[in-house]
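In what follows, chains carry the letters A, B, and so on, assigned in the order in which the sequence lines appear, proteins first and then strands, with residues in each chain numbered from 1.
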Amino acid sequence: MDLLHSLNPQQRAAVTLPDVPALILAGAGSGKTRVLTTRIAWLLQQGRVGPGGILAVTFTNKAAREMLTRIEAVLPVQTRGMWIGTFHGLCNRLLRAHHREANLPSTFQILDSQDQLSAIKRVIKAANVDEERCPPRDLQFFINGAKESGQRSTDVSGYGHDRRWVELFAAYDAQCQREGSVDFAELLLRSVELLTRNEALRTHYQHRFRHILVDEFQDTNVLQYRWLKMLAGTSGTIFAVGDDDQSIYRFRGANVGNMADFQREYDVTHVIKLEQNYRSHGNILDAANHLIGNNARRMGKNLWTDAGPGEKLRLYEGPSDTFEAAWVVDEVRDRQREGDRLSEIAILYRSNAQSRVFEHALFTAGLAYRVYGGLRFFERAEIKHALAYLRLVANPDDDVSFARVVNFPARGIGARSLEQLQAVAQAAGSSLFAAVASVPGRSAESFAKFASIVHELRAKVDDLSLAELVEEMLKRSGLVQHFQSERDGADRVENLAELVNAAAGFVQEHQDEPADTAAPAVAPASSAQLALQSFLAHASLESGDNQAQSGQDALQLMTVHAAKGLEFDTVFLTGLEEGLFPHENSLSEADGLEEERRLMYVAITRARKRLNLSFAQSRMLHGQTRYNLRSRFVDELPPKLLHVLAARGRAGAFFGGFAGNQGRGSGPETGGRASGGRPTSGREAGWPQGTRAAAGADSWTAESTAMQTDSHVLRIGQGVRHPKFGDGVVVRLQGSGGDARAQINFGAFGVKELLLAVAKLQPIGS
DNA sequence: GGAGACTGCGTTTTT
DNA sequence: CGCAGTCTCC
């Protein structure tokens, strides 16, 4: 089969590159995954490398799975020998195989962010430090930041950080080492250190992995890049695919600079740009190109398509967030009438808090929707408890898990009893579990009972399937019973049942996977033990989906970040307001605005056919009504690509309690008429001419100021009528006396700054 | 030990 | 405003 026949010239050039370092600048929708998978298939097909010589790394499990599936689809090849996975998944694999060299127990467990935070809290407590003075979250941030830039506590000490923090950092690492646990950043750092230190191992892997392929390279952090370099050495070939314009994760350590560094350090002469877009219509792409053109620091890329221009982008301005949501509901109903599926429609927003208004409107309208974000499956408390039992089964000396569930469900073992046990264990230098037999007093019996649960389960590991073991654990631990008797425990019981399915599914998916390369030196575990072990690692590395009803046809609600990599026929990009998008916090950060613009670029390029933009004059946020200006990003789009819908209902109308009735064309005509015969909804409008307030500090709250004019009091949020501009909302008040001025958002006329002494303003509404 | 009041906080998030 | 996390009282 010809792998290459349906590729465009640039894609083909990328796929068939010789064995040299290469950087592929892959624009949104340009077939990035296709190039990656075809490259792998091609390398194998050409006999340039065997499956064992391939290492492909992604950020998410989903991306890794997709890559694997697609390779298998194009080439009936043994995917077994390949290392395809996430950075963390592959590090786990490496460290499991060489746990002794990495100075880790074979049962080392992986801490997710929650686990890490509780571990840090314990460290702070043990050091007798006040949590007020050292917030655990800040310390967590500090530790992860350090590790992700490759630094240990000893490296960080000279840099003027609070000595206490550095000490706690060291204490935390010591505690992890003692307990045999490893956090996410540690997986990477440990791997890098292992390869740095151990030359034999390093050479082994450098010779093995002839081809290293990296997805979303712009999202790699400093440590991940070091990891790649360590594995590639001088003999391996890195094939990095990324898009600097879609770098939106700087806040979590991503370093776009890695792209330039890679180019320089590897003397990359093969930079291939994939600019043909197969996803969106022309107008959408033009808008995206135009917007991102405002960023100064770019590698440079211009998307194009041979699909037609398609529809214009539609822009709606509503008086409030409620109106915005109502408008979206209307539009969605239109789409439904056209026969579109709900799952092909996405509502995107900058921050999660914005989902509520939409959820409310959609719920009321009876439209099915699905919100992304929030608690994932393996992060739920009941699942965490169940996993703690399983950890004890795998390793009874796991004191953290022991402490977590020894009294959950309640068994009459209180804090005092546990302290007693801890004292005994400490004196004997043993684990809590091992100390159970010698604990004195009345609690001895309760402890023994708990220990026997673990003992019995352990005895069954080899006789039961993993799913059966999980089921047995749920019964014996009393977890199911506990949640069954709880008032709203139904969901939790359901989740626990789902854990049994997850175990069964895990076994099925991994049954033909061989145990890893390195020969286990000591006490070979049974295959059942290994299965349990890897299921536990899986649970830490794969947080799982977050909602059960993923099957049904439903609208997709998510943040712009969460939408990266996805595409939809119709996209509603909402809340396009200064302060929100771009987010106000970003304005004070270096490069913050450019990152927000990249985010906007990502958002725009999610749409295949229809892109709807919207913003609201007022919005409830943190319990206060805020009056925001239209986002500068809207102004950065070429007017000719936009179909501007005039606000339905007049700007100030909602102040009088007027709500609803904003259906297409059915709203009161005040909006159009009062604005001096300007076009109303439905017709094309020219670009609003308004003078924009200086961007940057343009969101205010209603409570700020009030200003006395000759005839009335003016305050922010006040609806006013102007003879020429129609109805608007006071957005800002400044100056005093004869110089008193007000900035007023007149909707279609934009924001005007008016001298109160001169302007003829009439309060309306309230 | 657990339910209910109280406080404080409030981008973006994967592993 | 809505929540998560903490505190307090039975």
For this session: Measure from NZ or CZ of A/Arg96 to the centre of the six-membered ring of A/Phe108, then state whether that distance is under 6.0 Å and the direction lies within 45° of the axis.
Result: yes
Seminar exercise, completed: Only residue of A/Leu573, A/Leu613, A/Leu580, A/Leu576 satisfying side chain to side chain contact (heavy atoms under 4.5 Å, CB included) with A/Ser631 is A/Leu576
Exercise. When the ring planes of A/His561 and A/Tyr249 are compared, do they come out parallel, tilted or perpendicular, using 30° and 60° as the limits?
Worked result: tilted
For this session: Please work out whether the ring planes of A/His385 and A/Phe408 are parallel, tilted or perpendicular, with thresholds of 30° and 60°.
Result: parallel
Does this structure show an ion pair linking [X] with [Y], if we count only N-O contacts that are shorter than 4.0 Å?
{"X": "A/Arg619", "Y": "A/Glu577", "value": "yes"}
{"X": "A/Arg597", "Y": "A/Glu636", "value": "yes"}
{"X": "A/Asp215", "Y": "A/Lys32", "value": "yes"}
{"X": "A/Arg252", "Y": "A/Glu148", "value": "no"}

Round to the nearest Å and state the distance from [X] atom [atom1] to [N] atom [atom2].
{"X": "A/Ile248", "N": "B/dT13", "atom1": "CD1", "atom2": "C1'", "value": "10 Å"}
{"X": "A/Gln224", "N": "B/dT15", "atom1": "CD", "atom2": "P", "value": "12 Å"}
{"X": "A/Lys147", "N": "B/dT15", "atom1": "NZ", "atom2": "C1'", "value": "14 Å"}

For this session: With a 4.0 Å heavy-atom cut-off, tell me which residues in residues 556-566 of chain A come close to DNA chain B, sorted by residue number.
Result: A/Thr559, A/His561
Within the structure shown, what part of the strands sits under 4.0 Å from [X] by heavy-atom distance: base, sugar-phosphate, or nothing?
{"X": "A/Asn61", "value": "sugar-phosphate"}
{"X": "A/Asp112", "value": "nothing"}
{"X": "A/Tyr249", "value": "sugar-phosphate"}
{"X": "A/Ile413", "value": "sugar-phosphate"}
{"X": "A/Asn352", "value": "sugar-phosphate"}

For this session: Produce a footprint string for nucleotides 1-10 of chain C: one letter per nucleotide, 5' end first; B if the base is under 4.0 Å from any protein heavy atom, S if only the sugar-phosphate is, - if neither.
Result: BSS-------
Exercise. Looking at the angle O4'-C1'-N9-C4 for a purine or O4'-C1'-N1-C2 for a pyrimidine, is B/dT12 syn or anti, with syn meaning within 90° of 0?
Worked result: anti
Exercise. Is there a donor and acceptor pair closer than 3.5 Å between the side chain of A/Ser113 and the base of B/dT14?
Worked result: no
Exercise. Mapping A/Phe59 and A/Leu599 to their closest nucleotides on DNA chain B, which lands nearer the 5' end?
Worked result: A/Leu599
Problem set entry | 5′-ward residue of the pair A/Glu486/A/Arg252 relative to DNA chain B | A/Glu486
Seminar exercise, completed: Testing B/dT12, B/dT11, B/dT14 for proximity to the side chain of A/His583, the answer is B/dT11
For this session: With the side chain of A/Phe251 defined as its heavy atoms from C-beta on, choose the nearest nucleotide among B/dT15, B/dT13, B/dT11.
Result: B/dT13
Problem set entry | A/Leu566: side-chain contact (heavy atoms from CB on, under 4.5 Å) partners, not counting sequence neighbours | A/Lys62, A/Met558, A/Phe568
